[in-house]
Every structure is written in C-alpha cells, then in structure tokens.
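Order of appearance sets the numbers: ligands from 1, and atoms from 1 within every ligand.
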Amino acid sequence: MNSHLKRMSRFDLTCRLVEQLKHDEAVIGGIGNSNFDLWNAGPRPQNFYMLGSMGLAVPIALGVALAQPERRVFALEGDGSLLMQLGALATIANLKPRNLAIMVWDNAMYQITGAQPTASAGRADFVAIARGAGLEQSAWAADEEDFTALVARSLSEDGPWFVAAKIDGSAPKGQTPREPAIIKDRFTRAMAQKPGDGYGGL
Ligand SMILES: Cc1ncc(C[n+]2csc(CCOP(=O)(O)OP(=O)(O)O)c2C)c(N)n1
C-alpha cells in the first residue's frame with residue numbers, strides 16, 4: 001500500500017510544476033481546489049480552469065493533447081474527480097498521447113464539499129489503478145523532490161505520464177474568478193498560438 005508516502009501541499013506542488021514550465025504548455029486544472037491552486041500559482045493564458053463538473057480535467061487535457069501533439073499538456077485533478085472518470089485512463093493508455101501528463105492530488109476526500117472520504121481513504125491505490133489501465137509510466141511522488149523530478153521527466157520524456165501525490169488538507173488561499181467565458185476565450189486564443197520559438201517541448 002502507499003501509507004508511507006509523505007502528505008504534501010497541493011499549492012506547493014502546483015508551484016513546483018508551474019515553475020518548470022517553459023511557456024506554451026497547456027495546463028488543465030480540475031474543478032475546485034485543483035484549479036484554485038493553479039490560479040494561485042500564477043495565472044497563465046495556457047491554463048484552463050474547470051469550474052463546473054468533476055472528472056473533466058483529464059478528458060479535456062486528452063482532447064488538447066490529441067489536437068496539438070507538439071504541445072505538452074498537463075491535467076491536474078483531485079482524487080474524487082478522477083474517480084468520476086476512471087475510464088479515461090484506459091482510453092489514454094490505448095491512444096498513448098506522448099505529450100500528456102496527469103497529476104492527481106490525493107487527499108483521500110471530497111474536500112471542497114465537506115471532506116467526505118473517497119475510495120482512497122480505504123483501499124484504492126491510484127497508481128495501481130493507472131498501471132492496471134495500461135499506463136506504464138505511473139508513479140507516486142514520495143516527496144517534493146521526487147515530484148519535481150517526475151515533472152521534469154514528464155516535460156522531457158515521452159508519455160503518457162501519470163503522477164499521484166498524497167496531499168494534506170490545506171485549503172487554497174484564493175479562488176479562480178468565476179468567469180467561464182473569459183477563461184474559455186483566453187485559453188482558446190492561447191491554444192491558437194502554435195508552440196513557437198523558444199518552446200522546449202517535444
Ligand atoms: C459531476 C459532479 N458531481 C458532484 C459535484 C459536486 N462537487 C463539486 S467539487 C466536489 C468534490 C471534489 O473532490 P476532489 O476532486 O477530490 O477535490 P477536492 O475537493 O478534494 O480538492 C463535489 C462532490 C460536481 N461539481 N460535479
């Protein structure tokens with residue numbers, strides 16, 4: 001099991017990811033805390049903030065990765081939200097988008113709606129699930145340094161990647177402004193810019 005893993009801060013890990021981005025990488029933040037901490041790590045037009053439904057960060061990221069194979073794409077998703085859409089992992093394993101990386105924040109609860117326990121508070125192990133779906137490059141981040149190293153690998157080596165991190169119960173400091181039309185417009189305009197000069201992606 002994974003009880004030995006360090007519980008980390010979602011915001012700290014999100015900052016570690018964002019700091020390693022070069023410019024054009026797309027980052028899709030899942031509903032609630034996942035996209036709030038992505039916003040708090042520093043707004044970028046290449047970020048998409050999912051405001052309404054659980055389970056959509058990974059499918060949206062898959063769509064972007066397939067549409068733009070030259071762009072690196074990250075999905076940041078909470079454990080409860082990933083559980084809503086586990087089938088996406090099997091789809092991704094079969095499609096093998098080499099530019100896609102999935103980061104799962106496992107706090108073992110539906111934190112934002114009142115900390116109800118998720119299946120990973122019991123026996124579910126997300127890395128075992130991802131491997132079983134066919135995602136071979138799947139790993140738990142043991143600590144912050146390990147997470148940083150896994151992000152570096154997911155930026156430089158072919159995916160698809162699946163990285164899960166045990167996180168603590170700290171709440172985001174602020175929330176993403178509730179401006180869905182602006183978020184969509186800004187993101188689609190950013191995606192219309194092809195990865196260009198200085199892009200250190202694929
Ligand atoms: C399809 C769907 N079901 C239920 C909700 C209500 N809801 C919004 S966020 C949330 C919990 C999200 O849990 P998780 O993804 O683990 O993130 P956390 O809050 O723990 O950061 C729930 C139940 C929703 N928005 N969409």
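Near ligand 1, R10, I31, N33, G52, S53, M54, G78, D79, G80, S81, M84, N107, M109, Y110, Q111, I112, T113 each place a heavy atom less than 4.0 angstrom from the ligand.
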Step-by-step side-chain hydrogen bond (donor to acceptor under 3.5 Å, both in side chains) determination, R131 to S138
CA-CA 6 Å; R131 290 217 178 104; S138 299; 5.1 Å; no
When you look at D106 and K166, which way does the salt bridge (Lys or Arg N to Asp or Glu O under 4.0 Å) test go after all the steps?
CA-CA 5 Å; D106 182 9; K166 290 285 181 187; 2.7 Å; yes
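In plain terms, the two heavy atoms of F74 and S154 that are nearest each other are CE2-OG, 3.4 Å. Of all the heavy atoms in S120 and F126, the pair that sits closest is CB-CE1, 3.4 Å. Here the shortest heavy-atom pairing between L66 and P69 reads O-CD, 3.6 Å.
To the nearest 0.5 Å, atom CD1 of residue I167 and atom CG of residue L5 are 13.0 Å apart.
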